[in-house]
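Shown next, in structure tokens, is the structure this report addresses.
If you read the sequence from its start, that first residue is 1, and numbering goes on from there.
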Amino acid sequence: MSTYKYARIPAGGERITAEGDRLRVPDRPIIPFIEGDGIGPDIWAATRHVVDASVTTAYGDEREIRWMEILAGEKAHRRTGEWLPEETFRALREFRVGIKGPLTTPVGRGIRSLNVTLRKVLDLYSCVRPVRWIEGVPSPMKEPQKLDVVIFRENTEDVYAGIEWESGTPEADRVRAFLTGEMQAAIREASGIGIKPISPFGTKRHVAAAIRYAIDRGRTGMTLVHKGNIMKFTEGAFADWGYEVARERFPDETVPESRIWNGEDADGRIVVGDRIADAMFQQVLLRPDEYDILVTPNLNGDYLSDACAAQVGGLGMAPGANIGDGVALFEATHGTAPKYAGQDKVNPGSVILSAVMMLEHLGWNEAAQRIERGLAGAIGAKTVTYDLARQMDDATKVGTFRFGEEVVGHM
């Protein structure tokens, strides 16, 4: 194993390796974690307690996670002078699976989101966000149980590529001059200009990952969500390339929705369709039970995943993962909430549910199921953190770590 300056490799642990596109997970895998900023330490302490208890409950002494702290964000900056030390990337590549709390975005021109940087540097090209309701969680919807979708958001392209030039700069003027002079584009003077790249390579590997996910988990439908009626050569191409992947690489496992409309039986295959993005926002409200896996470019997925999370109780109960070919990084989907830092107050549900995704990724489904059972039990008993308690009648409000203990108690 590699040597590290700041991180300590835990004794008795083993690396996760891969055979083809499948992981080989030892009984005592080393899993790096990033505690996170703001409320990160509070929610991570509760999550670690829950995960360790779920593994012990499911497997006794046969399995155990050996945790390895790696640095990012404010803690990294204090200790190393860097927001994202190179050895953090190296550890995630070496050990393949990690989990993290929320990270602050450093203040200063030219400094990008740490979360985006992690995704870019490690090529974590698919953001995976399951959204489903846990009974008892307060929701603004009459029937939140009807929404059970997994959103696959492409992570590396679209406007999040960060290719843009500020209004009034020589660079923006040069780009505008080329576009207006050489390409006959109509762009007003002093415009800020951004570029929206969407490629066949980026789209096809992302869609293929979504189809493999659907096959592995027995999902029945996949919808490509795009704005191709307006952006025909970027988002429209995203949909075209998505259908192409399904047709050419998964011909026996998928069938186009158009053939189902013409009377063909799905016969156990994944039905692949597409929807315009604005119409999709209506569909998840009006006909949520008709959708299964939603596959999107970057910006559409950002909006849609948060909007869907709001239907089932908000980001406090929304898990997420960023996954590439070599590394999977599971994370809380909300921010650092610095005003609550150190108060043992906030809901750890997002990172706990992200840990459920991590355990499923490892193939430790029995432990994942224990956490889901524990969460449902704690929420059903109305022993919850303040954000949920204030929306419930006769709830018992508890702190972050106590909520984790309640989850363990209901496993």
Run Val128 and Ile151 through side-chain contact (heavy atoms from CB on, under 4.5 Å) and show every step you take. CA-CA 6 Å; Val128 184; Ile151 298 170; over 6 Å; no
**Study point:** Note, Lys232 side chain near Lys227 side chain (heavy atom, < 4.5 Å)
**Key:** no
Original post:
Hey, does the side chain of Asn322 reach the backbone of Arg119 with a donor-acceptor pair shorter than 3.5 angstrom?
Top reply: no
* Thr220 and Asp292: side-chain donor and acceptor closer than 3.5 Å? -> yes
Q) Do Phe403 and Tyr386 have their ring centres less than 6.0 Å from each other? A) no
Less than 6.0 angstrom from the centroid, inside 45 degrees of the normal: does Arg176 satisfy that with respect to the ring of Phe178?
no
Check: Judged by modelled atom types alone, do Arg370 and Ser54 share a side-chain donor-acceptor pair under 3.5 Å?
Finding: no
Backbone N/O of Asp52 and side chain of Thr56: donor-acceptor pair under 3.5 Å: yes
Q: Please test Glu235 against Asn229 for side chain to side chain donor-acceptor pair (under 3.5 Å), starting from the C-alpha separation and ending with a verdict.
A: CA-CA 8 Å; Glu235 300 215 6; Asn229 57 328; over 6 Å; no
- Task: Please determine if Arg66 forms a cation-pi arrangement with Phe95, meaning its NZ or CZ atom is less than 6.0 Å from the six-membered ring centre and no more than 45° off the ring axis.
- Result: no
Query raised in the report: Is there a donor-acceptor contact under 3.5 Å from the side chain of Thr336 to the main chain of Pro102?
Result: no
- Message: Below 30° counts as parallel, above 60° as perpendicular, anything between as tilted: where do the rings of Tyr59 and Trp364 land?
- Response: perpendicular
inquiry  = Less than 4.0 angstrom from a charged side-chain N to a carboxylate O is my criterion; do Arg205 and Asp123 meet it?
reply    = yes
Lys/Arg-Asp/Glu bridge criterion (N-O < 4.0 Å) met for Asp216, Arg22:
yes
Worked check of salt bridge (charged side-chain N to carboxylate O under 4.0 Å, His left out) between Glu290 and Arg287:
CA-CA 6 Å; Glu290 295 183 11; Arg287 304 165 74 172; 2.9 Å; yes
ask   = Does the distance from a Lys or Arg side-chain N to an Asp or Glu carboxylate O, for Asp148 and Arg219, drop under 4.0 Å?
value = yes
Practice problem: Determine, step by step, whether Val55 and Arg63 satisfy the side-chain contact (heavy atoms from CB on, under 4.5 Å) criterion, reporting the C-alpha distance in whole Å, the side-chain angles of both residues, the deciding distance to 0.1 Å, and the verdict. | Solution: CA-CA 7 Å; Val55 173; Arg63 292 179 178 174; 4.1 Å; yes
From the list Glu248, Glu244, Glu157, salt bridge (Lys or Arg N to Asp or Glu O under 4.0 Å) partner of Lys204 resolves to Glu244
* List the steps, then state whether salt bridge (charged side-chain N to carboxylate O under 4.0 Å, His left out) holds for Arg129 with Asp306. => CA-CA 9 Å; Arg129 294 273 297 271; Asp306 282 12; 3.2 Å; yes
Here the ring-ring contact (aromatic ring centres under 6.0 Å, His included) pairs for residues 285-335, sequence neighbours left out, are Phe330-His361
Does the side-chain contact (heavy atoms from CB on, under 4.5 Å) test come out yes or no for Met222 and Ile211, once each step is laid out? CA-CA 8 Å; Met222 187 183 85; Ile211 294 173; 3.6 Å; yes
When you measure from the side chain of Thr383 to the backbone N and O of Thr396, does any donor-acceptor pair fall under 3.5 Å?
no
Nearest heavy-atom contact between Cys308 and Leu147 is O-CD2, 3.6 Å
query: What orientation do Trp44 and Trp67 show, parallel under 30°, tilted 30 to 60°, or perpendicular over 60°?
result: perpendicular
message: Checking Ile276 against Val225 for the side-chain contact (heavy atoms from CB on, under 4.5 Å) test, could you report, in this order, the C-alpha distance in whole Å, the side-chain angles of both residues, the deciding distance, and whether it holds?
response: CA-CA 6 Å; Ile276 301 298; Val225 182; over 6 Å; no
Please check if the side chain of Asn155 supplies one atom and the backbone of Leu124 the other of a donor-acceptor pair under 3.5 Å.
yes
Open item on the list: Does either side chain, that of Asp274 or that of His226, offer a donor lying less than 3.5 Å from an acceptor on the other one?
Closed with: yes
query: Between Glu406 and Arg402, is a salt bridge (charged side-chain N to carboxylate O under 4.0 Å, His left out) present by the stated rule, with each step listed?
result: CA-CA 6 Å; Glu406 290 294 323; Arg402 169 72 188 284; 3.0 Å; yes
Atom NZ of Lys382 with >12 non-hydrogen neighbours under 6.0 angstrom: yes
Next on the checklist: So that I can tick it off, tell me whether Glu253 and Arg269 are bridged by a salt bridge, with the cut-off set at under 4.0 angstrom between side-chain N and carboxylate O.
Outcome noted: no
- Item | Whether Asn298 side chain and Glu154 backbone form a donor-acceptor pair below 3.5 Å | yes
Testing the 3.5 Å rule here: is there a donor-acceptor pair between the side chains of Arg24 and Thr17? yes
Once the angle between the rings of His206 and Phe152 is folded into 0 to 90°, is it parallel (under 30°), tilted (30 to 60°) or perpendicular (over 60°)? tilted
Arg132 side chain reached by Val312 side chain, heavy atoms, under 4.5 Å: no
* Asked: Any donor and acceptor pair, going by atom type alone, linking the side chain of Asp37 with main-chain N or O of Glu74 inside 3.5 Å?
  -> yes
Which is it for Glu69 and Lys75 under the salt bridge (charged side-chain N to carboxylate O under 4.0 Å, His left out) test, yes or no, and what are the steps along the way?
CA-CA 11 Å; Glu69 183 173 14; Lys75 192 172 186 178; 2.7 Å; yes
